Amino acid sequence: MVVLSGGTGTPKLLRGLKELTEFAVIVNTAEDIWISGNKVCPDIDSVLYTLAGIIDEEKWWGIKGDSFRTHEMLLKLGCDEFMAIGDLDRAVHIFRSELLRKGLTLTEATKRLRKALGVEQEVLPMCDEEVETRVVTDEGDMHFQEFWVKRKGTPEVVDVYFKGIEKAKATKDVLRVLESCDFVLIGPSNPITSIMPIISVRGIKELLIDKTVVAVSPIVGSEAVSGPAGKFMRAKGFKVSPLGVAYVYKDFLDILVVDDVDRRLVGEYDGVKVVATNTIMKTAEDSKRLAEFILRFD
Ligand code: GDP
């Protein structure tokens, strides 16, 4: 089984899934950014920390119990570090960046990190090339992190695009895990900025078509559970609803899992079966229950 993941909703689901089955994860890297000299991979880190059991489950980023002394000192020194990076989290970024500077690929560096953190599952960056999600707004064209973290998601979104995507190609590890699986799970991640970059990498989408693909809707009712997914879907011309999510994935989706509040949508739409359950994951039990529900389709 292969899971496609962004950074908040899907790690919540992985927390339950890891108790039940084996899987590999292909992770979005288009939100990666170099900060204060180090490469931060927000989605890869959230997946690694979740699988290592050290994620901060309040925020779903960073390491639980982390301190921020280096970040505070950098601010005091006048460094414009607009993301709050924990001290232990930064150690991971430093080690990753050292490996990259030595010439390792992001895939190789991530493998070193996951082994050091005791993560058994394969965690694979979607590609080794740099791809950058850019948000076109009424206040200019900016990196996703500038839009979401620095500007708190307030500018009006006109468009979203992935700089460098035309050069990105599926790594041999990504191709291997996709070719040898028959079940793909798309977790509740931002369809535009987390999943669209993954399926836009050359070689990936074609491999999804003949698999059983199940997605969990990150949109509950007519809003995202958290984050800017609604704003981005609207800007891209999709309806902000679970069926809008199905439409983003229409080329390969078989089953869409929607929340109980959207139970009226249960049915069949152009070859996509819609099923409903409670998809809100507040506790580890919620995550496990949703994972069990999904595994019935494997
Ligand atoms: P973000 O939009 O940048 O936060 O990107 P992510 O890929 O990390 O997406 C998180 C997505 O997960 C958001 O669109 C949320 O709506 C969704 N999400 C977060 N928690 C839950 C949850 O407990 N259940 C469901 N169904 N969706 C969730």
Side-chain angles (χ1 to χ4, degrees), residues 3-17 25-33 40-50 55-62 83 126 132-135 143-153 157 160 162 185-199 214-236 238 240-242 244-246 248-249 255-263 265 274-291 293-294:
V3 184
L4 309 188
S5 183
T8 313
T10 307
K12 283 187 196 173
L13 184 55
L14 294 178
R15 165 176 68 176
L17 205 60
V25 195
I26 299 174
V27 191
N28 172 42
T29 59
E31 291 174 19
D32 295 3
I33 189 165
V40 181
C41 302
D43 292 353
I44 289 179
D45 290 341
S46 291
V47 170
L48 286 177
Y49 299 161
T50 301
I55 187 93
D56 180 333
E57 292 187 1
E58 305 266 296
K59 306 188 301 244
W60 287 93
W61 56 264
M83 289 175 101
M126 65 184 200
E132 186 177 310
T133 293
R134 305 283 310 178
V135 186
H143 190 291
F144 170 85
Q145 302 297 355
E146 183 178 352
F147 167 78
W148 183 240
V149 183
K150 193 170 185 177
R151 317 285 279 268
K152 312 225 173 318
V157 179
V160 175
F162 312 119
L185 170 61
I186 304 180
S189 281
N190 191 318
I192 308 299
T193 51
S194 292
I195 304 302
M196 215 182 247
I198 301 178
I199 59 180
V214 176
V216 180
S217 176
I219 305 289
V220 170
S222 52
E223 268 179 70
V225 178
S226 60
K231 230 172 174 177
F232 293 152
M233 286 181 72
R234 215 168 286 119
K236 281 289 193 193
F238 296 104
V240 186
S241 76
V245 175
V248 180
Y249 304 149
I255 299 169
L256 180 73
V257 182
V258 303
D259 191 76
D260 276 331
V261 306
D262 296 307
R263 190 165 276 281
L265 300 174
V274 175
V275 296
T277 188
N278 175 10
T279 69
I280 301 297
M281 296 168 281
K282 292 213 168 82
T283 64
E285 290 69 43
D286 294 336
S287 301
K288 196 165 170 194
R289 206 199 42 75
L290 180 57
F293 179 85
I294 291 162

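The model shown is predicted, which means the values in this text are computed figures rather than measured ones. We count ligands from 1, going down the list as the structure has it; atoms in each ligand are counted the same way. For the single chain, residues carry numbers from 1 onward in sequence order.
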Could you please spell out the steps behind the salt bridge (Lys or Arg N to Asp or Glu O under 4.0 Å) verdict for R289 and D286?
-> CA-CA 5 Å; R289 206 199 42 75; D286 294 336; 5.3 Å; no
Under 3.5 Å, side chain of D259 to main-chain N/O of D262, donor-acceptor pair present?
-> no
Heteroatom distance test (V220, ligand 1): nitrogen or oxygen, under 3.5 angstrom | no
Backbone N/O of S287 and side chain of R15: donor-acceptor pair under 3.5 Å | no
Looking only at heavy atoms of I280, does any of them come nearer than 4.0 Å to an atom of ligand 1?
-> yes
N/O to N/O below 3.5 Å, does that happen between G6 and ligand 1?
-> no
Report yes if the side chains of P188 and S217 come closer than 4.5 Å at any heavy-atom pair, otherwise no.
-> no
Would you mind listing which atoms of ligand 1 come within a distance below 4.0 Å of any non-hydrogen atom of P228?
-> 1 (P), 2 (O), 3 (O)
For atom 11 (C) of ligand 1, the closest protein heavy atom turns out to be P188 O, 3.4 Å
Kindly say whether the aromatic ring centers of F162 and F144 come within a distance under 6.0 Å.
-> no
Which ligand 1 atoms, with their elements, are less than 4.0 angstrom from a heavy-atom of G7?
-> 6 (P), 7 (O), 8 (O)
Could you see which bit of S217 sits under 4.0 Å from ligand 1, with heavy atoms only: side chain, backbone, both or neither?
-> backbone
Quick one: look up the protein heavy atom nearest atom 19 (C) of ligand 1 and list residue, atom name and how far away it is.
-> S226 OG, 3.6 Å
Just wondering, do L185 and L4 contact through their side chains at under 4.5 Å, heavy atoms?
-> no
What residue and heavy atom of the protein are closest to atom 8 (O) of ligand 1, and at what distance?
-> T8 N, 2.7 Å
Report the nearest protein non-hydrogen atom to atom 23 (O) of ligand 1: residue, atom name, distance rounded to 0.1 Å.
-> M281 N, 2.9 Å
Counting distance only, does the side-chain N/O of N28 pair as donor-acceptor with the main-chain N or O of T193 below 3.5 Å?
-> yes
Return yes or no for this condition: an N or O of V225 is under 3.5 Å from an N or O of ligand 1.
-> yes
With a 4.5 Å limit on heavy-atom distance, are the side chains of N278 and L290 in contact?
-> no
Are T10 and S189 linked by a side-chain donor-acceptor pair shorter than 3.5 Å?
-> yes
Nearest non-hydrogen protein atom to atom 20 (N) of ligand 1, with distance, is K12 NZ, 2.8 Å
Identify the protein heavy atom lying closest to atom 7 (O) of ligand 1, giving its residue, its atom name and the separation to 0.1 Å.
-> S194 OG, 2.5 Å
Any N or O of T193 closer than 3.5 Å to N or O of ligand 1 | no
Within a distance under 4.0 Å of any heavy atom of A229, pick out the atoms of ligand 1 and give their elements.
-> 14 (O)
Per-atom contacts of ligand 1 with S189, taking only distances under 4.0 Å to non-hydrogen atoms = 7 (O), 9 (O), 11 (C)
If you have a sec, work out which protein heavy atom is nearest atom 3 (O) of ligand 1 and how many Å separate them, to one decimal?
-> F144 CZ, 3.6 Å
Could you go through the side-chain contact (heavy atoms from CB on, under 4.5 Å) check for H143 and T133 one step at a time?
-> CA-CA 6 Å; H143 190 291; T133 293; over 6 Å; no
Could you go through the side-chain contact (heavy atoms from CB on, under 4.5 Å) check for V220 and V258 one step at a time?
-> CA-CA 7 Å; V220 170; V258 303; over 6 Å; no
Kindly confirm or rule out an N or O of P218 lying under 3.5 angstrom from an N or O of ligand 1.
-> yes
Out of T277, D43, T279, who gets a non-hydrogen atom closest to atom 22 (C) of ligand 1?
-> T279
When distances are taken from atom 2 (O) of ligand 1, the protein heavy atom at minimum range is N190 ND2, 2.8 Å
Go through N190 and F232 one step at a time and tell me if the side-chain contact (heavy atoms from CB on, under 4.5 Å) criterion holds.
-> CA-CA 9 Å; N190 191 318; F232 293 152; 3.7 Å; yes
